[in-house]
Amino acid sequence: MYRETTVAVVVPAYNEEGLVGTVIETIPDYVDRVYVVEDGSTDRTWQEIQETAKRVNERDRRTNGFQRRVVPIRHDENRGVGGAIKTGYLAAREDEIGVTAVMGGDAQMQPELLEGVIRPIVEGKADYVKGNRLLDGHYGTMPRFRYVGNRILTWLTRIASGYWSIGDPQNGYTAISLHALETAGIEEMYEFYGYCNDLLVRLNVAGLRVLDVPRPANYGEEESHISYRSYIPRVSGMLFRNFLWRLRAKHLSDGVHPVAVLYGTAGATGAAGLVRAVRSDEGLLSTISQLVAVLALSTVFLLGAMLLDYSHESYLDDRATAEAEASGYDGDDDDDDTAAVSAPVGQD
């Protein structure tokens, strides 16, 4: 336990042979439950999970009401990283775990930083905490194309989710409270790589506080399973649908809110301008001039909508982020319980 709160870690693993065992072995000792979800791998990932789980469970016998510390779970077919995390979340919710973190099976996420991710939830300052490699220059060795893509996805996710202070939405080093697991509609969570963006929208609609904490970029031996040819259009489409869902759920369900009016006006104005330009029989220069004027007006409405949306939603993340920066949630504490446990590997 951590400060009288039960802690779990979900480890999604797809073709992580040679890495997932290390992840399991080095999870900090204060973690009560480790749900390792093998997601239809084609290598020996499942066997490695079972072997490591057996060693750890024989060595670390829990006394907090759980018969075993490491719980291997297997998907018969690949469902995507979001599907694997969803399975782990549902297991943690059933076990009524106080705070549940996610650490990838690829050994990218340093276990010694876990305490800094779960602590804000334990202290009641947030319902969901996520790492952010864009804070304080922590992006470090992030490849440039990932950095640019991350910046673009950050703004798309801000607009879709209503969390205007978050960054690095693809960062998978996260923690979530039991209350959030019970109220954010986890069962319907997106199962493709955009699960983290989808979850942020669900958290916002549920009125839950989100906090960013600085995390360094760390690239090791892992290979990305993302196919950007399918990733970009699928996630973009999902974000647009989620944006419309958030507007309907928060700004139209109890009457028409000015945020929805401004967004709708921006969209209608821009669409009307494009249609008029396509159907125009006037000269090219005149058509372009009219189109630029209409799009400029649409942009004004859009910026107004975003500013009003920011003001309306800021209570969910502005104050929490400011508190995090002021309190120094950087995972670099020297407390004994912040260090990862790298115990010797025992024998079966």
Side-chain angles (χ1 to χ4, degrees), residues 80 82 134 144-170 185 188-205 226-314 316-317:
L134 306 180
R144 188 163 186 80
F145 78 95
R146 288 194 183 187
Y147 176 77
V148 173
N150 199 313
R151 284 293 189 182
I152 294 172
L153 280 171
T154 288
W155 274 103
L156 291 177
T157 304
R158 285 174 175 175
I159 296 170
S161 70
Y163 289 112
W164 291 92
S165 296
I166 62 98
D168 193 15
Q170 310 312 113
E188 304 301 321
M189 192 174 81
Y190 193 65
E191 296 194 354
F192 188 58
Y193 277 101
Y195 75 92
C196 42
N197 314 77
D198 173 78
L199 180 56
L200 284 168
V201 181
R202 296 181 181 281
L203 292 167
N204 181 283
V205 172
I226 296 177
S227 171
Y228 286 94
R229 183 173 297 179
S230 60
Y231 175 80
I232 293 175
R234 288 179 67 175
V235 172
S236 298
M238 180 270 293
L239 283 173
F240 182 68
R241 293 190 301 272
N242 278 9
F243 167 69
L244 295 178
W245 174 62
R246 179 174 71 87
L247 287 186
R248 184 173 67 250
K250 298 198 72 173
H251 302 304
L252 291 173
S253 60
D254 296 323
V256 180
H257 192 279
V259 169
V261 173
L262 286 173
Y263 273 126
T265 303
T269 303
L274 289 173
V275 170
R276 181 175 179 179
V278 170
R279 294 180 176 180
S280 177
D281 294 328
E282 301 179 18
L284 179 61
L285 183 59
S286 177
T287 299
I288 292 177
S289 298
Q290 293 179 24
L291 180 60
V292 169
V294 171
L295 292 181
L297 180 60
S298 177
T299 301
V300 170
F301 284 121
L302 178 61
L303 292 175
M306 292 169 64
L307 287 171
L308 189 58
D309 198 11
Y310 170 85
S311 176
H312 184 267
E313 302 286 7
S314 61
L316 292 178
D317 69 334

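All of these numbers come straight from a predicted model, not from anything done at the bench.
- Listed by chain and residue number, T269, F301 satisfy the side chain to side chain contact (heavy atoms under 4.5 Å, CB included) test with L297 (two or more places apart in sequence, or in another chain).
- Applying the salt bridge (Lys or Arg N to Asp or Glu O under 4.0 Å) definition to pairs two or more places apart or across chains, those involving residues 249-270 are K250-E313.
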Please walk me through it: do Y263 and M306 pass side-chain contact (heavy atoms from CB on, under 4.5 Å)? CA-CA 8 Å; Y263 273 126; M306 292 169 64; 3.6 Å; yes
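- Partners of N242 according to the side chain to side chain donor-acceptor pair (under 3.5 Å) rule, which considers only residues two or more places apart in sequence or in another chain, are D198.
- In plain terms, the two heavy atoms of G273 and V294 that are nearest each other are CA-CG1, 3.5 Å.
- The shortest distance between side-chain heavy atoms of R248 and S253 does not fall below 4.5 Å.
- Note that the CE atom of M189 and the SG atom of C196 stand 9.0 Å from one another [nearest 0.5 Å].
- With rounding to the nearest 0.5 angstrom, the OH atom of Y195 is 8.5 Å from the CG atom of L199.
- N204 places a side-chain N or O within 3.5 Å of a backbone atom of S161 that can act as its donor or acceptor partner.
- Atom CG of L307 sits about 14.5 Å away from atom NE2 of H312, to the nearest 0.5 Å.
- The distance from atom CD1 of I152 to atom OG of S236, rounded to the nearest 0.5 Å, is 9.5 Å.
- Among residues two or more places apart in sequence or in another chain, the salt bridge (charged side-chain N to carboxylate O under 4.0 Å, His left out) test is passed with R158 by none.
- Closest approach of T157 and P169 over heavy atoms only: OG1-CG, 3.6 Å.
- Using a 4.5 Å cut-off on side-chain heavy atoms (C-beta onward), W245 and R202 make contact.
- With sequence neighbours excluded, the residues that form a side chain to side chain contact (heavy atoms under 4.5 Å, CB included) with L295 are L291.
- With a 4.5 Å cut-off on side-chain heavy atoms, V235 and F240 do not count as touching.
- Using a 4.5 Å cut-off on side-chain heavy atoms (C-beta onward), W155 and W164 make contact.
- Put simply, the side chain of S298 gets close to the backbone of A266: a donor and an acceptor are under 3.5 Å apart.
- Under the 30°/60° scheme for interplanar angles, the aromatic rings of H257 and H251 are found to be tilted.
- Annotation: the span from I159 atom CD1 to T154 atom OG1 amounts to 11.0 Å, rounded to 0.5 Å.
- Taking CG of L239 as the start and OH of Y190 as the end, the distance is 9.0 Å to the nearest 0.5 Å.
- Applying the salt bridge (Lys or Arg N to Asp or Glu O under 4.0 Å) test to residues at least two apart or on different chains, the pairs with a partner in residues 297-309 are R246-D309.
- Contact between L252 and A260 at its shortest, heavy atoms only, is CD2-CB, 3.8 Å.
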